[in-house]
Undergrad: 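Below is the structure I would like to discuss, written out as structure tokens.
If you read the sequence from its start, that first residue is 1, and numbering goes on from there. Because only heavy atoms are used, hydrogens play no part in the values below, and waters and symmetry mates are left out as well, while side chains stay in. Each ligand, and each atom within it, is numbered from 1 in the order the structure gives.
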Amino acid sequence: MFEIIANIAGLIIKASWLMLPAYLANPTAVVFGGGTPIDFKKNWWDGRRIFGDGKTFYGLIGGTACGVVAGLIQMQITSLQYLGTFTMISIFALSFGALLGDMIKSFFKRRLGYERGAKFPLVDQLDFVAGAWILTYAFDPVWFSDNFLASPWIMATVVLFTPLLHRLTNIIGYYARLKKEPW
Ligand code: CTP
Ligand code: MG
């Protein structure tokens, strides 16, 4: 029993370490967000916003920068390198990809008629994982294969653990008055 718990804890720690740039990009976009929306308030052909007011340049740039800084710090912590080592490209792709995934999600939310901030269960929680993984796979396939594809257990842990973590950070963000909704 103890061994199982220790193994699960080990998987969560390793998964969080590898995903940290992406995990930080998402909530820091909320902190830095505001100002001009990426779609410049323009509508799509269906008369609805392209992305909506929830996707701004400051959020995208601030969030990406925070994820990248986190990754650069992680590269310096030699004592934790056994959890996984990063490349410059993987750090950028994880951070930017997370917010790109979030933005593409918003595009489809608007097409489906969901208002900005409307709840879209599971998609709201895994959009940035999908974005981070796809972009990292596209730009640094070797890193992605070594760190994720080679360890399906790590990938499964990310998919199961992220929604829990996301829910928790959004509740904190809501009570800290950073977010309008607790999801
Ligand atoms: N944010 C931002 N720019 C981004 C991503 C997020 O400015 N690229 C900020 C916005 O203030 C946004 C908040 O972070 O309202 C929360 O992000 P998210 O939940 O992804 O957006 P929603 O407002 O819920 O909009 P959507 O319905 O499009 O998901
Ligand atoms: Mg939201």
Undergrad: How close does the nearest protein non-hydrogen atom get to atom 11 (O) of ligand 1, and which residue and atom is it?
TA: R116 NH2, 3.7 Å
Undergrad: Residue-level breakdown please: for D102 versus ligand 1, do any non-hydrogen atoms fall below 4.0 Å on the side chain, on the backbone, on both, or on neither?
TA: side chain
Undergrad: Below 4.0 Å from any atom of ligand 1, is there a heavy atom belonging to M103?
TA: no
Undergrad: Quick one: does E181 get an N or O within less than 3.5 Å of an N or O on ligand 1?
TA: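 No.
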Undergrad: Could you check atom 29 (O) of ligand 1 against the protein and tell me its nearest heavy-atom contact, residue, atom and distance included?
TA: K109 NZ, 3.1 Å
Undergrad: In ligand 1, which numbered atoms sit nearer than 4.0 Å to a non-hydrogen atom of R110?
TA: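 Counting atoms of ligand 1 from 1, those under 4.0 Å from R110 are 26 (P), 27 (O), 28 (O).
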Undergrad: What's the verdict on side-chain hydrogen bond (donor to acceptor under 3.5 Å, both in side chains) for Y114 and S106, showing C-alpha distance, side-chain angles and the deciding distance?
TA: CA-CA 9 Å; Y114 286 88; S106 291; over 6 Å; no
Undergrad: Starting from atom 20 (O) of ligand 1, locate the nearest protein heavy atom and write down its residue, its atom name and how far away it is, to 0.1 Å.
TA: K55 NZ, 2.6 Å
Undergrad: Are any of the N/O atoms on S106, whether in the backbone or the side chain, positioned under 3.5 angstrom from an N/O atom of ligand 1?
TA: yes
Undergrad: Pick one: which of L99, L94, N26 meets side chain to side chain contact (heavy atoms under 4.5 Å, CB included) with F128?
TA: N26
Undergrad: Suppose we measure from atom 13 (C) of ligand 1 to each protein heavy atom; which comes out shortest, and what is that distance?
TA: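 The answer is V30 CG2, 4.0 Å.
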Undergrad: If you measure from CG on D102 to NZ on K105, what distance do you get to the nearest 0.5 Å?
TA: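 So the gap between those two atoms works out to 4.5 Å.
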Undergrad: Between L60, T56, L99, I38, which one has a non-hydrogen atom sitting closest to atom 7 (O) of ligand 1?
TA: T56
Undergrad: Under a 4.0 angstrom heavy-atom cut-off, which atoms of ligand 1 come close to K105?
TA: 29 (O)
Undergrad: Which atoms of ligand 1 are found less than 4.0 Å from any heavy atom of G34?
TA: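 Answer for ligand 1: 7 (O).
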Undergrad: Look at D124 together with K109 and state whether they make a salt bridge at an N to O cut-off of under 4.0 Å.
TA: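 Yes, D124 and K109 are salt-bridged.
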Undergrad: When clusters are formed by joining ILVMFWY residues with side-chain heavy atoms under 4.5 Å apart, either directly or through shared neighbours, do W45 and I50 land in the same one?
TA: yes
Undergrad: Among A118, G173, G33, G54, whose heavy atom sits nearest atom 4 (C) of ligand 1?
TA: G54
Undergrad: What residue and atom, counting heavy atoms only, is the protein's closest point to atom 25 (O) of ligand 1, and at what distance?
TA: G117 N, 3.4 Å
Undergrad: Taking 4.0 angstrom as the limit, do D39 and R49 come out as a salt bridge?
TA: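 Looking at D39 and R49, the cut-off is met.
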Undergrad: Does M103 share a hydrophobic cluster with Y58, counting links as ILVMFWY side-chain heavy atoms below 4.5 Å and allowing steps through other members?
TA: no
Undergrad: Which atoms of ligand 1 are found less than 4.0 Å from any heavy atom of K179?
TA: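 Reading through ligand 1 atom by atom, the close ones are 16 (C), 19 (O).
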Undergrad: Check whether more than 12 heavy atoms from other residues, nucleotides or ligands sit under 6.0 Å from atom CZ of F161, and answer yes or no.
TA: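 Atom CZ in F161 is crowded, with more than 12 foreign heavy atoms closer than 6.0 Å.
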Undergrad: Out of N147, I154, L83, which one pairs with W17 under the side chain to side chain contact (heavy atoms under 4.5 Å, CB included) rule?
TA: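 Of the listed residues N147, I154, L83, the side chain to side chain contact (heavy atoms under 4.5 Å, CB included) partner of W17 is L83.
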Undergrad: Hey, does F86 have a side-chain heavy atom less than 4.5 Å from the side chain of Q74?
TA: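 They are in contact (side-chain heavy atoms under 4.5 Å apart), so the answer is yes.
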